[in-house]
Protein chains: 2
Amino acid sequence: MNKTTKVTVDAVEIIHRRYFKGRPERLKALEEARADDDVARKIFELRTKAGLTQAQLGKLIGTTASVISRLESADYEGHSLAMLRRIGAALNQRVEIKFVPIRRSA
Amino acid sequence: MNKTTKVTVDAVEIIHRRYFKGRPERLKALEEARADDDVARKIFELRTKAGLTQAQLGKLIGTTASVISRLESADYEGHSLAMLRRIGAALNQRVEIKFVPIRRSA
DNA sequence: CAGTCTATTCGCATATTTGCGATAGCGCAA
DNA sequence: TTGCGCTATCGCAAATATGCGAATAGACTG
């Protein structure tokens, strides 16, 4: 491993220690942000793989491009199942929800 | 197979032919209703398996029993990802969203 | 029987999402 | 450069979810 990689890893470690160690509420916020980002990215992928623009997908589900853009924004937290299903229906996808256990400790 | 079973099967067949055959918009409504029912049941199972009453789960996520009851109602369509995550967080579950392709025709 | 626990439903205030036009930025091709 | 397509962001109205107390009903127990 070269020096650059080493430095980067250390930086991540330092940041982690400084902001997250022993502060579960920060970790929780991070996880939620990641989850939102995840949904946003899934919508983006579904749309682009279908070869559609935001305006086109918007039209398909009866709304506008700005709405799609908002849904694909990584820091948008307001996703509803209804909206996910509308998008899924337009792109022939079923929306599956699963609760999966989180293992305690680490 | 006994007579009762036979009759029931026939009835289902008749109903299906009468209301759904060749009417995709009805099938669609049915699928959506099923999906909502599914989420409602998942919440119910998660809660009961954790041995909690609606009031207890409500308290855990900072709301009341009536709200939980509404979420567990089969014909409620207003689920948000935010609420599902709150419930998941209280019960140590991560909420996973997946778009899965629907195969055409049948 | 009364009393308790649980769940459901109603009504309404508050909070949040959605709808949508307007605007701006960016990349690209003419 | 100009024009065009695509995306991001803003602002506000409208629609919808949430918060929560009250009333109701059923099951169960004393």
Side-chain angles (χ1 to χ4, degrees), chain A residues 25 28-91 93 95-99, chain B residues 25 28-29 31-91 93 95-97 99:
Chain A
E25 79 286 358
K28 200 174 163 189
L30 183 63
E31 292 234 342
E32 278 167 18
R34 265 198 198 128
D36 288 322
D37 183 46
D38 211 55
V39 177
R41 237 180 355 239
K42 279 189 167 80
I43 296 173
F44 173 83
E45 281 182 19
L46 220 55
R47 176 177 65 82
T48 52
K49 282 181 182 173
L52 298 174
T53 67
Q54 294 177 338
Q56 288 173 325
L57 175 56
K59 193 166 193 179
L60 276 180
I61 67 170
T63 186
T64 61
S66 61
V67 172
I68 305 297
S69 176
R70 183 165 49 199
L71 294 175
E72 291 180 356
S73 164
D75 52 345
Y76 179 71
E77 301 184 354
H79 302 278
S80 73
L81 244 47
M83 184 56 96
L84 295 186
R85 290 209 193 98
R86 282 166 65 188
I87 293 174
L91 271 32
Q93 311 274 325
V95 178
E96 195 178 293
I97 275 61
K98 230 195 300 190
F99 285 99
Chain B
E25 80 286 0
K28 200 174 164 189
E31 291 232 343
E32 278 167 17
R34 262 198 201 132
D36 287 323
D37 183 46
D38 209 55
V39 176
R41 236 180 358 238
K42 278 189 167 81
I43 296 174
F44 173 83
E45 280 182 20
L46 221 54
R47 175 177 66 80
T48 51
K49 282 183 181 171
L52 300 174
T53 66
Q54 293 177 336
Q56 288 173 324
L57 176 55
K59 193 166 192 177
L60 276 181
I61 67 170
T63 186
T64 61
S66 60
V67 171
I68 305 297
S69 176
R70 183 165 48 199
L71 295 175
E72 290 179 357
S73 165
D75 52 344
Y76 179 71
E77 301 185 353
H79 303 277
S80 73
L81 244 47
M83 183 57 96
L84 295 185
R85 290 212 192 96
R86 282 165 67 188
I87 293 174
L91 272 30
Q93 310 273 327
V95 178
E96 196 179 292
I97 276 61
F99 286 99

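No experiment lies behind these values; they were computed from the predicted model shown.
Note: CD (A/Glu77) to P (C/dA15) measures 17 Å, nearest angstrom. Atom CD1 of B/Ile68 and atom C1' of C/dT6 are 14 Å apart (whole Å). The distance from atom CG of B/Leu81 to atom P of C/dT17 is 11 Å, rounded to the nearest whole Å. Protein atom CZ of A/Arg70 is 13 Å distant from nucleotide atom P of D/dA8, rounded to whole Å. B/Met83 places its CE atom 12 Å from the P atom of C/dT16, with the value rounded to the nearest Å. Between B/Leu84 atom CG and D/dA17 atom P the separation is 13 Å, expressed in whole Å. If you measure from atom NE2 of A/His79 to atom P of C/dT16, you get 16 Å, rounded to the nearest angstrom.
Taken to the nearest 0.5 Å, the CD1 atom of A/Ile43 stands 10.5 Å off from the OG atom of A/Ser73. For the atom pair NZ (A/Lys42) and CG (A/Leu84), the distance works out to 10.5 Å, reported to the nearest 0.5 Å. To the nearest 0.5 Å, the span separating CD1 on B/Ile68 from OG1 on B/Thr63 amounts to 6.0 Å. Here the straight-line distance linking atom OG of B/Ser80 with atom CZ of B/Arg86 works out to 8.0 Å at 0.5 Å rounding.
An end-to-end axis angle of 20° holds for the helix from C/dC1-D/dG30 to C/dA30-D/dT1, taken from five base pairs per end and rounded to 10°.
Contact check, B/Tyr76 against C/dT8: no side-chain N or O comes under 4.0 Å of OP1 or OP2. Not one side-chain nitrogen or oxygen of A/Arg86 sits closer than 4.0 Å to the OP1 or OP2 atom of C/dT17.
Using a 4.5 Å cut-off on side-chain heavy atoms (C-beta onward), B/Ile87 and B/Leu71 make contact. Taking 4.5 Å as the limit, some side-chain heavy atom of B/Ile97 sits within range of a side-chain heavy atom of B/Leu81. B/Ile61 places a side-chain heavy atom less than 4.5 Å from the side chain of B/Met83.
Listed in residue order, the members of residues 47-66 of chain B having a heavy atom less than 4.0 Å from DNA chain D are B/Gly62, B/Thr63, B/Thr64, B/Ser66.
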Name each donor-acceptor pair under 3.5 Å that joins a side chain in residues 44-55 of chain A to protein atoms two or more places apart or in another chain, with its distance.
from    : atom 1 : to      : atom 2 : distance (Å)
A/Arg47 : NE     : A/Glu72 : OE2    : 2.6
A/Arg47 : NH1    : A/Leu52 : O      : 2.9
A/Arg47 : NH2    : A/Glu72 : OE1    : 3.1
A/Thr48 : OG1    : A/Phe44 : O      : 2.9
A/Thr48 : OG1    : A/Glu45 : O      : 3.2
A/Thr53 : OG1    : A/Ala55 : N      : 3.4
A/Thr53 : OG1    : A/Gln56 : N      : 3.1
A/Gln54 : NE2    : A/Glu72 : OE1    : 3.2

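Between D/dA8, C/dG19, D/dT18, one nucleotide has an atom nearer to the side chain of A/Ser69 than all others, and that is D/dA8.
Annotation: of the two residues near DNA chain C, B/Ala82 and B/Phe44, the 5′-most nearest-nucleotide partner is B/Phe44.
Of all heavy-atom pairs spanning B/Val39 and A/Arg85, the tightest one is CG2-NH2, 4.0 Å.
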